[in-house]
Amino acid sequence: MSLSEITEAIAKAEKYAGRAPGSVSLIAVSKKQPDARVEEVLDEGHRVFGENRVQEAAGKWPGFREKYDGIELHIIGPLQTNKVRQAMELAQAIHSVDRPKLAQTIARIAQEEGHCPDLFIQVNTGEEEQKAGILPKDADAFITECRGLDLPLRGLMCIPPVDEEPSLHFALLAKIAARNGLDGLSMGMSGDFERAIALGATHVRVGSAIFGDRAY
Ligand SMILES: *Cc1c(COP(=O)(O)O)cnc(C)c1O
């Protein structure tokens, strides 16, 4: 699919869900994509991008920022505490806040630097051992803890297990967000962003459907 086809599909899904036009933000996930493909999408006017790894983001986005204005970068992958400062310098949002130590590190650096990206708490809705994210049963307490640290919490994020119906996970994430008074929902990828929008996604993270398969 092309960028414009994705944008159209998002608009349609917003409409079917009775959501306001433009209420869903498309994060184009550019990890492991060739620079030339990323530049094509920049040339089409898109400005919101997602990267999994801080190191990869640091290698390519300062250069793109010299050529293109208004780039908004989202870090969506697992974050080590020793990469937090760099992530906070590069990104306008971090979607993978998933443990107290990380939240505390972000809060300390935000104090020092006087600014902080928008934050999403990653919830491991499938309770998968290999996956990052706070467990659903610990989410309320962790949200309270982040608020106590005065962090700019924008919402919640999840990555459903590959072999399960994602809608169940999107609904669970939406429920945890609602009972905590959070309205940001980062959920939905190439294969399921329409279902995520139906269940309230405010941010969809779409990679391969825009750029093509990644080179691993
Ligand atoms: C890679 C990635 C995506 C995009 O996945 P696609 O299936 O290519 O759309 C979304 N979210 C996260 C956290 C990712 O790592």
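Counting starts at 1 for both ligands and their atoms, following the listed order. Just the heavy atoms: all of them, side chains too, but no hydrogens, waters or symmetry mates, feed the values below. Note that the structure is predicted; figures quoted are calculated from it, not measured.
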Numbering the atoms of ligand 1 from 1, which are under 4.0 Å from a heavy atom of [X]?
X	answer
Arg205	4 (C), 9 (O), 10 (C), 11 (N), 12 (C), 13 (C)
Val206	9 (O)
Ile159	13 (C)
Lys31	1 (C), 2 (C), 3 (C), 14 (C), 15 (O)
Asn52	14 (C), 15 (O)
Ser208	6 (P), 7 (O), 8 (O), 9 (O)

For Met189, the hydrophobic cluster (side chain heavy atoms closer than 4.5 Å, chained through members) also holds Phe120, Met157, Ile159

Results of side-chain hydrogen bond (donor to acceptor under 3.5 Å, both in side chains) for Asp43 - residues two or more places apart only
Tyr68

May I have the step-by-step check of side chain to side chain donor-acceptor pair (under 3.5 Å) for Ser2 and Glu5, ending in yes or no?
CA-CA 5 Å; Ser2 64; Glu5 284 170 316; 3.3 Å; yes

Any N/O of Gly207 closer than 3.5 Å to an N/O of ligand 1?
yes

Of the choices Ile76, Ile75, Val162, which has the non-hydrogen atom that lies closest to atom 12 (C) of ligand 1?
Ile76

Arg195 side-chain N/O to Gly188 backbone N/O, donor-acceptor pair under 3.5 Å
no

Can you confirm whether Asp98 sits close enough to Asn124 that some side-chain heavy atom of one is under 4.5 Å from a side-chain heavy atom of the other?
no

Would a 4.5 Å heavy-atom cut-off, applied to side chains only, mark Ile71 and Leu42 as touching?
yes

